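Only one structure is covered here, and it is reproduced in the block below.
Remember, predicted model here, so these are calculated numbers, not experimental data.
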Amino acid sequence: MTYCVGMMLDRGLVLMSDTRTNSGVDNISTFRKMFHWSVPGERTIAVMTAGNLATTQSVVSKLEERNKAPTERHNSLLDAPTMFQAATIIGDALRDTIQERSSDNGQSAAGTFSASIILAGQIQGQDPRLFLIYPEGNFIEASFDTPFFQIGETKYGRPILIRGYERDMSFESAIKLLMVSFDSTIKANLSVDLPLDLLVLERGNYTPLHERRITRDDPYYDGISNSWGEALKTAFLSLPNYEMET
């Protein structure tokens, strides 16, 4: 399984993904699930993937090849005129890949090769945009009514995001919020784990503002995890006691 979050802010976009991939409790590996491409001064585009690893690696490889050798078909993310068109390109690649793999294994195998993708980025002259792309190739776009998308193991970290999100929060506060969301998910589900990949895309800046990998020995993440656990205990103990009638 996996856990990825893309978040819209007034200042731009913040993305975070885990790196755990497992095919059972005795077959656990680490694979990158976040990828990005930039044309300095013109565009930055990033994707995060969840689902069947062979499917997502195939889709990313197709995108990489097209970006390195654009053709007259204009199916490269680096020459897409809008982020909407970039979402269409990725959606088509995802759908086609799932169909190709499913046809080789029978129609019932479609679910086995399923995957989903979060797309984020900005093209010069346009606003930053965030999309959630489904296995069928269709997609939806985030707005400030629905300002973040999650894929993978979403349920444990979602309440944190709903309660803590503010569109005008700083990048630093957004990263802290995402770390709490990921820590809550990691504590509850063995299929999500560190290292985490972090990417910050600032509005109007066509190269990543901040990028790093958060490892198990990261002192800030460790402090967030410990402090959040203690804060929850303190908040719980401060609530009014229940009075049982006798």
Do R216 and D193 meet the salt-bridge criterion of a basic N to acidic O distance under 4.0 Å? yes
Go through the side-chain N and O atoms of K33 and T2 and say whether any donor and acceptor fall under 3.5 Å apart. yes
Which atoms form the tightest heavy-atom contact between Y3 and L161, and what is the distance? OH-CD1, 3.9 Å
Answer yes or no: is there an ion pair linking K155 with E153, defined by an N-O contact shorter than 4.0 Å? yes
Salt bridge (Lys or Arg N to Asp or Glu O under 4.0 Å) pairs touching residues 237-246, sequence neighbours excluded, are none
Salt bridge flag under 4.0 Å for residues D96 and K62: no
Closest heavy-atom pair and its distance - T55, A115: CG2-CB, 4.1 Å
The remaining residues in the hydrophobic cluster of M244, counting side-chain heavy-atom contacts under 4.5 Å among Ile, Leu, Val, Met, Phe, Trp and Tyr, are Y242
With a 4.5 Å limit on heavy-atom distance, are the side chains of R66 and I89 in contact? yes
To the nearest 0.5 Å, what is the distance between OH on Y221 and CG on L198? 12.5 Å
Distance (rounded to the nearest 0.5 Å) between I117 CD1 and L94 CG: 4.5 Å
So does A142 get a backbone contact from the side chain of T146, meaning a donor-acceptor N/O pair under 3.5 Å? no
Mind telling me whether F84 and F131 have parallel, tilted or perpendicular rings, with 30° and 60° as the class edges? perpendicular
